[in-house]
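Just below is one structure, and these are the notes that go with it.
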Amino acid sequence: MNMGKACRQCRYVLESGDKCPVCGSTAFTTFWRGYVIIIDPEKSDIAKKMGITSRGKYALRLSR
Ligand SMILES: [Zn+2]
């Protein structure tokens, strides 16, 4: 099952491609758990807590 991979820098979850569209990083991990979908980062407390400024899907925990 392909769950996508999470950016090691900002935790953005990418379903395809090799470069994070948010921070430009190319370091990913497929070992992650849980996610949040940020629709409006400016109004989201979770986004603020996690330091997210772009909308998208983000992993809650990276295992490695
Ligand atoms: Zn990133």
Side-chain angles (χ1 to χ4, degrees):
M1 193 165 100
N2 182 17
M3 294 276 292
K5 49 192 178 177
C7 174
R8 287 185 180 276
Q9 296 282 337
C10 68
R11 302 193 207 172
Y12 182 86
V13 175
L14 199 66
E15 263 142 43
S16 61
D18 290 312
K19 193 177 172 186
C20 176
V22 175
C23 71
S25 170
T26 52
F28 294 92
T29 177
T30 51
F31 299 97
W32 56 274
R33 297 188 125 198
Y35 63 87
V36 282
I37 296 196
I38 303 297
I39 293 161
D40 192 342
E42 296 196 350
K43 289 180 187 164
S44 166
D45 288 338
I46 301 166
K48 279 177 196 154
K49 225 176 190 174
M50 291 173 71
I52 293 166
T53 53
S54 300
R55 51 195 293 177
K57 183 171 162 182
Y58 293 84
L60 288 175
R61 281 191 203 169
L62 304 186
S63 304
R64 300 177 199 179

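Being a predicted model, the structure only gives us computed values, none of them experimental. Remember, it's 1-based here, ligands and their atoms both numbered in the order they're listed.
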Quick note, side chain to side chain donor-acceptor pair (under 3.5 Å) partners involving residues 17-28, not counting sequence neighbours, are Lys5-Asp18
Backbone N or O of Arg11 within a donor-acceptor pair of the Trp32 side chain at under 3.5 Å?
-> no
How about Ile38 and Ser54: do any of their side-chain heavy atoms sit closer than 4.5 Å?
-> no
Can you tell me how far the OG atom of Ser44 sits from the CD1 atom of Ile39, to the nearest 0.5 Å?
-> 9.0 Å
Taking side chain as C-beta onward, heavy atoms only, is Tyr12 less than 4.5 Å from Pro21?
-> yes
Anything protein N, O or S sitting under 2.8 Å from the Zn ion (ligand 1): count it and give me the total.
-> 4
Would a 4.5 Å heavy-atom cut-off, applied to side chains only, mark Ile46 and Tyr58 as touching?
-> no
